[in-house]
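Down below is the structure, laid out as structure tokens.
As the structure is a computational prediction, the values presented were derived from the model and not from experiment.
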Amino acid sequence: MDEKIIKKNAVPVIAAMITALAFSFTGLPMDGNTSVEKMSDVYNGLGCTSLLAWILLLILYVKGWEGYRKYRNWQAHVLAVIFSAGMLLGTSYFTNGNWDFLFGAKKQILISAGCFIGFYIICDMGITYFWRIPEMEFFRKACGRIPAREEEVMWFRLAKISMIIGWTPFILAFLPGSIPADGFRQLDVFLGAMPLDNHHPWVLTMIMGGLLTLGKTIWCYNFGVFLIVIVFTSVEIWCYSAVVRYLYRWKAPKWILFGTVLLFAFVPIFGSYAQAVIKDGLYTAVITLYFAVYIDICHSFSKRKAVYLFLLGISVCLTRNNGIHLVLPSLILLFFFLVKGARKYAFIVAVCVFACYLGVEKGVAPALGVAPGSRCEMLSVPFQQTARYLREYPDDVTASEKKAINRILDYDVLAEKYNPELSDPVKITFRFRDDDNDPKLDGYMKDYFKAWFAMFRRHPGVYVQATLNNTYSYNDPFHMGRGQQGVYRFYIDKLYQKKSGIDVSYVGPKKIQYLFRLYDELWMRAPGLGLILSAGTYTWLTLLLMGYLLVKKQWKKLLIFAIPVLNILICLVSPVNGLIRYMWPVMTIMPMLFWWILQPAPKTSSN
């Protein structure tokens with residue numbers, strides 16, 4: 001009997017040890033010069049935390065190994081490989097700024113292979129059981145607890161009141177409101193301190209500037225800033241409350257409703273951005289409501305809903321420049337989701353959104369003298385690759401390549417300014433930021449990309465590393481990017497304030513503001529809670545939910561994932577590594593995605 005128990009548990013015990021060992025490596029590479037005395041820098045499995053982790057893994061693996069072997073599938077294996085690779089790369093780039101933890105030396109390749117196996121086992125097992133949860137009895141009972149019909153107004157009000165309670169302390173602590181660089185730039189553009197352009201959505205710039213001017217006319221600039229904060233916050237609270245109402249109408253279980261209210265009201269990113277003059281809070285709220293209406297149309301179509309979708313779609317496009325890249329593809333896919341009688345309306349909505357967007361950006365904007373945004377905003381990836389190349393191989397650049405690069409970027413400072421997790425220091429050297437329509441630019445860009453490709457052929461690894469270093473936090477929830485100091489916008493930008501001379505300052509005590517900053521930072525570093533504010537968490541959840549639909553062979557329901565997938569892809573070419581502000585829309589639509597995968601495939605009909 002004892003021999004059977006030993007044989008049965010031998011594999012999970014060994015697997016638990018391998019996983020515990022994998023988590024014990026610090027991420028520093030081991031080379032031939034690593035002495036025995038310095039091994040603790042590379043590997044440290046001592047301490048209460050490591051012991052507790054190993055005990056928990058041992059219990060988990062021994063108890064769950066049989067079920068894992070029974071229910072695992074190839075889809076889980078594929079995702080486990082992706083997640084494990086993301087964790088390995090995240091560990092290496094967070095610690096070293098390169099992939100030396102994986103490929104630094106022959107010994108290191110063996111170490112990284114062992115870590116990969118340990119990460120793979122726990123990821124594969126976790127994914128397998130995650131996909132089993134909807135079929136477990138306790139979960140079915142939880143999903144069976146749906147609110148009563150007459151509670152719709154109650155949930156709408158509960159959401160509004162909860163957000164007012166959760167956000168108001170931030171607004172009061174930072175009165176009249178923080179104005180970070182992006183927001184202050186928009187105000188400066190409106191006031192004529194900077195050229196009128198579409199670097200940030202110009203329609204939103206006009207709205208923000210109009211509210212600022214109204215407040216200044218009534219009282220002072222401080223009141224104008226407060227007016228922007230209050231108007232934007234009111235719209236955001238209404239949007240999120242409407243999302244909760246949609247979840248109620250869809251008969252979402254109470255745990256999803258309560259979880260959604262708690263997310264919107266008390267996760268600090270919402271209150272922290274509510275007090276800031278910046279486009280992201282408003283954009284995220286609008287696209288979240290757009291997604292709710294989008295799902296509602298997929299569930300049951302009506303012409304009135306199509307009108308709502310159009311209005312929200314164009315609002316998304318006008319509150320963030322890349323909004324069109326999410327809205328238009330999602331509307332095209334909606335055409336294939338709906339039944340024949342309703343498809344023409346999806347086509348009409350897509351055409352109307354695109355036509356209105358073109359009318360505003362290509363018709364009205366030029367007529368008002370609004371210059372287009374600089375093309376350098378779309379070139380973060382190649383610019384970062386060029387800068388890293390010059391840092392790693394400064395002597396392997398031909399004279400013609402140097403000339404081509406120098407016409408576009410300031411060649412002499414690229415290597416020095418290169419920040420592996422933030423492309424702004426490199427982009428700021430773009431020589432045509434204020435003259436993007438220069439006729440010479442197209443020819444110079446063509447020469448630049450010729451040089452870029454030639455350098456890639458000589459050292460392709462540098463380009464791969466530059467991209468991985470600028471994106472690893474979007475693929476690894478456990479290592480937050482360090483491209484920007486501080487996730488939250490608790491400041492009034494002094495540089496842009498000098499341009500326009502706007503007299504704005506905080507009126508609250510600094511000690512109270514310090515407590516809120518401390519609270520946000522502690523939340524980000526708290527076990528479990530920190531994962532809610534990690535961009536990589538939402539990449540993983542998106543892939544997990546899509547994988548579940550693949551396992552269940554619900555192919556058509558995957559079409560709804562166009563918006564989160566496109567948002568993640570935009571993050572991967574964004575200027576900042578692992579910025580939760582860029583991944584925020586995926587966070588806010590996550591409760592609806594959970595509800596969506598739990599529902600039977602809707603039979604869409606035309607009403």
Derivation of the side-chain contact (heavy atoms from CB on, under 4.5 Å) call for Val293 and Tyr246: CA-CA 8 Å; Val293 175; Tyr246 272 110; 3.6 Å; yes

The test is side-chain contact (heavy atoms from CB on, under 4.5 Å); show your working for Thr233 and Trp167 and say whether it passes. CA-CA 9 Å; Thr233 297; Trp167 298 8; 3.6 Å; yes

Please assess His199 against Ser374 for the test side-chain contact (heavy atoms from CB on, under 4.5 Å), listing each intermediate value before the final yes or no. CA-CA 7 Å; His199 180 79; Ser374 175; 5.6 Å; no

Given ring pair (Phe, Tyr, Trp, His ring centres under 6.0 Å), test Phe270 with Trp584 step by step and report yes or no. CA-CA 10 Å; Phe270 292 88; Trp584 196 3; 5.4 Å; yes

Take Ile405 and Trp452 through the side-chain contact (heavy atoms from CB on, under 4.5 Å) test and state the conclusion after the steps. CA-CA 8 Å; Ile405 294 170; Trp452 175 88; over 6 Å; no

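Between Thr386 and Tyr448, some side-chain heavy-atom pair lies under the 4.5 Å cut-off. Between Trp202 and Met206, the closest side-chain pair of non-hydrogen atoms falls below 4.5 Å. Taking the side chain as every heavy atom from C-beta outward, Arg375 and Asp442 approach each other to under 4.5 Å. For the pair Gln513 and Phe490, the minimum side-chain heavy-atom distance is 4.5 Å or more.
Take His325 and apply the side chain to side chain donor-acceptor pair (under 3.5 Å) test, not counting sequence neighbours, and it matches no residue. Qualifying side chain to side chain donor-acceptor pair (under 3.5 Å) partners for Glu401, counting only residues two or more places apart in sequence or in other chains: Thr398, Arg458. For Phe516, the ring-ring contact (aromatic ring centres under 6.0 Å, His included) partners are Phe170, not counting sequence neighbours. Take Pro425 and apply the side-chain contact (heavy atoms from CB on, under 4.5 Å) test, not counting sequence neighbours, and it matches Lys417, Asn419, Leu422. Under the side chain to side chain donor-acceptor pair (under 3.5 Å) criterion, Asp412 pairs with no residue at all, not counting sequence neighbours. With sequence neighbours excluded, the residues satisfying side-chain contact (heavy atoms from CB on, under 4.5 Å) with Phe456 are Phe453, Pro460, Tyr463. Taking Phe232 as the reference, nothing meets the ring-ring contact (aromatic ring centres under 6.0 Å, His included) condition, with sequence neighbours excluded. Partners of Thr542 under the side chain to side chain donor-acceptor pair (under 3.5 Å) rule, at least two apart in sequence or in another chain, do not exist in this structure. With sequence neighbours excluded, no residue satisfies ring-ring contact (aromatic ring centres under 6.0 Å, His included) with Tyr538.
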In a table with atom names and distances, give each donor-acceptor pair under 3.5 Å that connects a side chain of residues 234-241 to protein atoms at least two apart or in another chain.
unit_1, atom_1, unit_2, atom_2, d
Ser234, OG, Ile230, O, 2.7
Glu236, OE2, Leu282, N, 3.2
Tyr240, OH, Ala285, N, 3.4
Ser241, OG, Lys160, N, 3.4
Ser241, OG, Ile237, O, 2.8

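Residue pairs meeting the side chain to side chain donor-acceptor pair (under 3.5 Å) criterion with at least one partner in residues 522-533, sequence neighbours excluded, are Glu521-Arg525. Among residues at least two apart or in separate chains, side chain to side chain donor-acceptor pair (under 3.5 Å) pairs with a member in residues 280-294 are Asp280-Arg320, Asp280-Arg581, Thr288-Thr588, Tyr290-Ser330.
Side-chain N or O atoms of Ser534 include one that pairs as donor or acceptor with a backbone N or O of Pro477 at under 3.5 Å. Panel note: side chain Asn222, backbone Ser505; a donor-acceptor pair is recorded below 3.5 Å. Here the side chain of Asn96 pairs a donor or acceptor atom with the backbone of Ser92 at under 3.5 angstrom. Looking at Gln275, its side chain does come within 3.5 Å of a backbone N or O of Ser272 through a donor-acceptor pair. Counting only distance, with no hydrogens or angles, the side chain of Gln465 and the backbone of Asn98 share no donor-acceptor pair below 3.5 Å. Counting only distance, with no hydrogens or angles, the side chain of Asn406 and the backbone of Tyr411 share a donor-acceptor pair below 3.5 Å. Within the 3.5 Å criterion, the main-chain N or O of Tyr472 finds a donor-acceptor partner in the side chain of Asn577. A donor-acceptor distance shorter than 3.5 angstrom exists from the side chain of Ser473 to the backbone of Gly481, with no hydrogens or angles considered. A donor-acceptor distance shorter than 3.5 angstrom exists from the side chain of Thr319 to the backbone of Val316, with no hydrogens or angles considered. Checking side-chain atoms of Thr91 against main-chain N and O of Gly27 turns up no donor-acceptor pair under 3.5 Å.
Crowding of Phe449 atom CZ: a count of heavy atoms from other residues, nucleotides or ligands under 6.0 Å exceeding 12. Annotation: Ile428, atom CD1; neighbour count of heavy atoms from other residues, nucleotides and ligands within 6.0 Å does not exceed 12. Annotation for Phe354: atom CZ does not count as buried by contact number, only 12 or fewer foreign heavy atoms lying within 6.0 Å.
In this model, a donor atom of one side chain and an acceptor atom of the other lie less than 3.5 Å apart for Gln385 and Thr467. With no hydrogens or angles considered, a side-chain donor-acceptor pair links Ser500 and Asp188 at under 3.5 Å. Between the side chains of His200 and Asn321, no donor-acceptor pair is found at a separation under 3.5 Å. Under 3.5 Å, the side chains of Asn470 and Gln384 contain a donor-acceptor pair of N or O atoms.
Closest approach of Ile278 and Pro180 over heavy atoms only: CD1-CG, 3.9 Å.
No cation-pi contact links Arg185 to Tyr496, judged by a cut-off of 6.0 Å to the six-membered ring centre and 45° from its axis. For the pair Lys216 and Tyr221, the cation sits on the ring face: its NZ or CZ lies under 6.0 Å from the ring centre, inside 45° of the axis.
Among the candidates Ile502, Ile207, Val504, the single residue satisfying the side-chain contact (heavy atoms from CB on, under 4.5 Å) test with Leu212 is Ile502.
The residues Asp520 and Arg517 are annotated as not salt-bridged, no charged nitrogen and carboxylate oxygen being separated by less than 4.0 angstrom.
Summarising the geometry, atom SG belonging to Cys317 is positioned 8.5 Å from atom CG belonging to Leu326; distances are rounded to the nearest 0.5 Å.
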